[in-house]
Amino acid sequence: MERLFASHIGLPPVRHYLRIRTDHAKRLIEGTRMPIIDVAKACGFMSASHFAKCFRAFNGMSPQQCRAIVPAWVGLGLS
């Protein structure tokens, strides 16, 4: 079943689930002012170091670097 999943999705199930979690984390980082450690916990990561490692693997930058490129008005409730 895992091979079938990987052949259709391009990733093993565990890696795909990790991608879903890091994608959600990226949306939280870009769309809120939630502290990075709270983002990690909200996405199911138990340690900041594991979160940062996984986030970097999928996004090519650290969570802090991602937050640094988000405009300052994001998360203030402004349109």
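As a basis for the values below, the full set of heavy atoms in this structure was taken, side chains included, without hydrogen atoms, waters or symmetry mates.
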Nearest atoms (heavy-atom pairs only) where [X] meets [Y]:
| X | Y | value |
| --- | --- | --- |
| Pro63 | Ile29 | CB-CD1, 3.7 Å |
| Leu28 | Ala42 | CD1-CB, 4.3 Å |
| Gly44 | Arg21 | O-NH2, 3.0 Å |

Using 0.5 Å steps for rounding, measure from the [atom1] atom of [X] to the [atom2] atom of [Y].
| X | Y | atom1 | atom2 | value |
| --- | --- | --- | --- | --- |
| His16 | Arg19 | NE2 | CZ | 8.0 Å |
| Phe51 | Met46 | CZ | CE | 12.5 Å |
| Lys26 | Cys66 | NZ | SG | 5.0 Å |
| Phe58 | Lys53 | CZ | NZ | 11.5 Å |
| Cys43 | His24 | SG | NE2 | 4.5 Å |
| Thr22 | Arg56 | OG1 | CZ | 13.5 Å |

Q) Between the side chain of Glu30 and the main-chain N/O of Arg27, is any donor-acceptor distance below 3.5 Å? A) no
Q) Does Asp38 use its side chain to pair, donor to acceptor, with the backbone of Met34 at less than 3.5 Å? A) no
Q) Quick check: are there more than 12 heavy atoms from other residues, nucleotides or ligands sitting under 6.0 Å from CZ of Phe5? A) yes
Q. Would you say Phe45 and Met61 are hydrophobically clustered, going by side-chain heavy atoms of ILVMFWY under 4.5 Å?
A. yes
Q: Verify the cluster assignment for Ile36 and Ile69: are they in a single hydrophobic cluster under the rule of side-chain heavy atoms below 4.5 Å apart?
A: yes
